[in-house]
> 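Have a look at the structure that comes next, please.
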Amino acid sequence: MLQIVVHAILALALLASSASHAADKEPVPPKGSLVIIGGALRADNDAVWERIVQLAGGKGARVAVFASASASPERAGSYLVERLNRYGADAFFVPVAERLDGADGRAAADDPKLAEAVRTAGGAYFSGGDQGRITGVLRRPDGSNTQVLDALWDMYRRGGVIAGSSAGAAIMSSTMFGHPRSILSTLQHGVDDGRQITRGLGFIGDDVFIDQHLLVRGRFARMLPAMLAKGYKIGLGIDENTAMVVNAKRDVEVIGYRGALLVDLSEAATRDGSFNLANGRLSYLDNGDRFNLATKTFTPAPEKAHGKVDTKKPYWRGPLFSADILGNGTVVDLMAKLIDSDQVDAIGLSLDSPNAERPDLGFEFKLSRVSESVGYQSAFSEAYSVYNVRLDIRPIVVQRPLYQYR
């Protein structure tokens, strides 16, 4: 009888030990923050630079600079170290890159001393360039994490900040663009996993898709096929010289020059054939606005809190139309006019060149004000925030010639 009791106690102890080890291996939710920058961050954008240093620990904070994406890592790294130091950081260059002169950047990614320096830093900054160079050097050929990548995750989980601009923003989601086609070709032909889209580093989690240079280059349209291909319901696209700050509670705050587009495909539907989307949702978050990824709630900037748009007293009157919905900032301009208009719909088109592969195939983008749509205007300017505008996209036949001379 004693033997049975002893065996039972040993068995329970082994089970408890196994459970403890399993718990140790479960990933710890990050306590840190992300600063996701849409590219072209200006040297004088105090709001963004200061926030990075503040989140890294304030004056004297150690910040690891990765210029892995750059075609000239040493030059880009030197500039970023100087820039961060000017804002009070104690930044250092991390020589992990494919294009380093006279050094093996891939070997450095598994250097224990370098990994420890990254692990104990208060933050990290990724430069722009080619995002494939970042993932290519921070992962081994078999796809596993290098020691430096593991160190980045440890630092982020502990409470550090990871910031990145352009390519450094693209790596934030678990899926990123690799070698994409043009925006219109992406709508016409879709995306191939492993080429047009590929694996990112996933710091923001597996449920949010990230894109950058968004409004300047009209990239919100290319997000849609990528999100649908990988099953994303939420996408965030950030414009140039602007950042999204994401904290541990999954609050997103927009700071900087312009804003961000939120794409919500939770209730969207598609049809087979050419790209055809119904019932998507678009929201524009301006400087100072917040959105919580967990609760899906919007909070306008303080200057807009009392500036809710009254649709019964519209400012804009008459039809709303754009012949180039993918133009610089065009979609946001249409959204702002729609929310403060006597119209319930706005139409935008996207057409290809007569010499393109499919010159006859274009797309109609229909923005609609629905019951959930709401807008806020700044008390100090004509800047708008616009939430939950419906988006429908349909393929159209483009008649050629499109026009004739009189």
Side-chain angles (χ1 to χ4, degrees), residues 22-38 69 124 126 131-132 134-136 138-140 142-146 148-164 166-178 180 186 190-212 214 219-220 222-238 243-253 260-268 270 280-281 283 285 291-297:
D24 288 344
K25 290 180 180 178
E26 287 181 8
V28 178
K31 296 178 182 177
S33 302
L34 303 174
V35 180
I36 305 171
I37 306 154
F126 285 88
Q131 52 261 34
I134 301 175
T135 56
L138 284 178
R139 287 202 179 100
R140 303 186 185 103
D142 64 0
S144 62
N145 290 0
T146 59
V148 168
L149 181 52
D150 279 337
L152 278 163
W153 273 104
D154 288 344
M155 180 265 289
Y156 176 42
R157 290 189 180 110
R158 190 187 71 246
V161 61
I162 297 181
S166 189
I171 61 167
M172 297 289 185
S173 51
S174 56
T175 301
M176 66 183 191
F177 280 104
T186 300
V191 292
D192 298 323
D193 203 349
R195 180 160 180 78
Q196 277 80 44
I197 53 174
T198 185
R199 188 180 171 200
L201 296 183
F203 293 119
I204 200 169
D206 295 330
D207 58 340
V208 180
F209 184 78
I210 299 292
D211 205 359
Q212 16 71 18
L214 202 86
R219 285 183 171 178
F220 78 97
R222 79 173 191 175
M223 291 175 66
L224 303 168
M227 289 173 64
L228 290 168
K230 301 298 286 186
Y232 286 94
K233 300 301 183 185
I234 295 292
L236 286 168
I238 185 70
M244 298 181 293
V245 181
V246 187
N247 66 19
K249 295 180 181 178
R250 310 209 81 196
D251 282 317
V252 179
E253 178 190 3
L261 270 183
L262 176 102
V263 180
D264 187 343
L265 301 183
S266 300
E267 299 179 11
T270 58
R281 290 289 189 273
S283 299
L285 283 74
F291 175 77
N292 185 274
L293 291 166
T295 62
K296 289 191 175 183
T297 53

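Small disclaimer: the values here were computed from a predicted structure and weren't measured. Positions are given from 1, in the same order as the sequence printed here.
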> Which residues satisfy the salt bridge (Lys or Arg N to Asp or Glu O under 4.0 Å) test with D154, sequence neighbours excluded?
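Per chain and number, D154 pairs via salt bridge (Lys or Arg N to Asp or Glu O under 4.0 Å) with R119.
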> Evaluate whether atom CZ of R195 has more than 12 neighbouring non-hydrogen atoms of other residues, nucleotides or ligands under 6.0 angstrom away.
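No, CZ of R195 has 12 or fewer neighbouring heavy atoms, counting only those of other groups under 6.0 Å.
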> Could you tell me which residues satisfy side-chain hydrogen bond (donor to acceptor under 3.5 Å, both in side chains) with Y156, sequence neighbours excluded, listed by chain and number?
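Expected list: none.
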> Can you list everything that forms a side-chain contact (heavy atoms from CB on, under 4.5 Å) with K296? Sequence neighbours excluded, please.
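Once residues adjacent in sequence are excluded, the partners of K296 under the side-chain contact (heavy atoms from CB on, under 4.5 Å) criterion are I234, D264, S266, F291.
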> Here's a test for you: under side-chain contact (heavy atoms from CB on, under 4.5 Å), which of V246, I162, I171 qualifies with I204?
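The option that passes is V246.
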> For R281, check salt bridge (Lys or Arg N to Asp or Glu O under 4.0 Å) against everything at least two apart and list the hits.
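For R281, the residues satisfying salt bridge (Lys or Arg N to Asp or Glu O under 4.0 Å) (neighbours in sequence not counted) are E372.
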> Nearest heavy-atom pair of A167 and A69: which atoms, and what distance?
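Closest pair (atom of A167, atom of A69, distance): CB-CB, 3.8 Å.
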> My understanding is that only residues two or more places apart in sequence, or in another chain, count here; which of them pass side-chain hydrogen bond (donor to acceptor under 3.5 Å, both in side chains) with R219?
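Checked R219 against side-chain hydrogen bond (donor to acceptor under 3.5 Å, both in side chains); matches are Q212.
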> Who pairs with K230 by salt bridge (Lys or Arg N to Asp or Glu O under 4.0 Å), at least two apart in sequence or on another chain?
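K230: salt bridge (Lys or Arg N to Asp or Glu O under 4.0 Å) contacts with D193.
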> Using side-chain hydrogen bond (donor to acceptor under 3.5 Å, both in side chains) as the criterion, list what pairs up with R250, not counting sequence neighbours.
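Scan of R250 (side-chain hydrogen bond (donor to acceptor under 3.5 Å, both in side chains), adjacent residues dropped) gives D207.
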> Using the side-chain hydrogen bond (donor to acceptor under 3.5 Å, both in side chains) criterion, which residues pair with T297? Sequence neighbours excluded.
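side-chain hydrogen bond (donor to acceptor under 3.5 Å, both in side chains) list for T297, sorted by chain: T295.
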> Quick one: ring pair (Phe, Tyr, Trp, His ring centres under 6.0 Å) partners of F220, sequence neighbours excluded?
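Only F365 meet the ring pair (Phe, Tyr, Trp, His ring centres under 6.0 Å) criterion with F220.
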> Who are the salt bridge (Lys or Arg N to Asp or Glu O under 4.0 Å) partners of R140, not counting sequence neighbours?
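Counting only residues at least two positions away or on another chain, R140 forms a salt bridge (Lys or Arg N to Asp or Glu O under 4.0 Å) with D110.
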> Among residues at least two apart in sequence or on other chains, which ones pass side-chain contact (heavy atoms from CB on, under 4.5 Å) with A163?
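A163: side-chain contact (heavy atoms from CB on, under 4.5 Å) contacts with V35, I52, Y125.
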> For D251, give me all partners under side-chain contact (heavy atoms from CB on, under 4.5 Å), at least two apart in sequence or on another chain.
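So D251 forms a side-chain contact (heavy atoms from CB on, under 4.5 Å) with N247, K249, N292.
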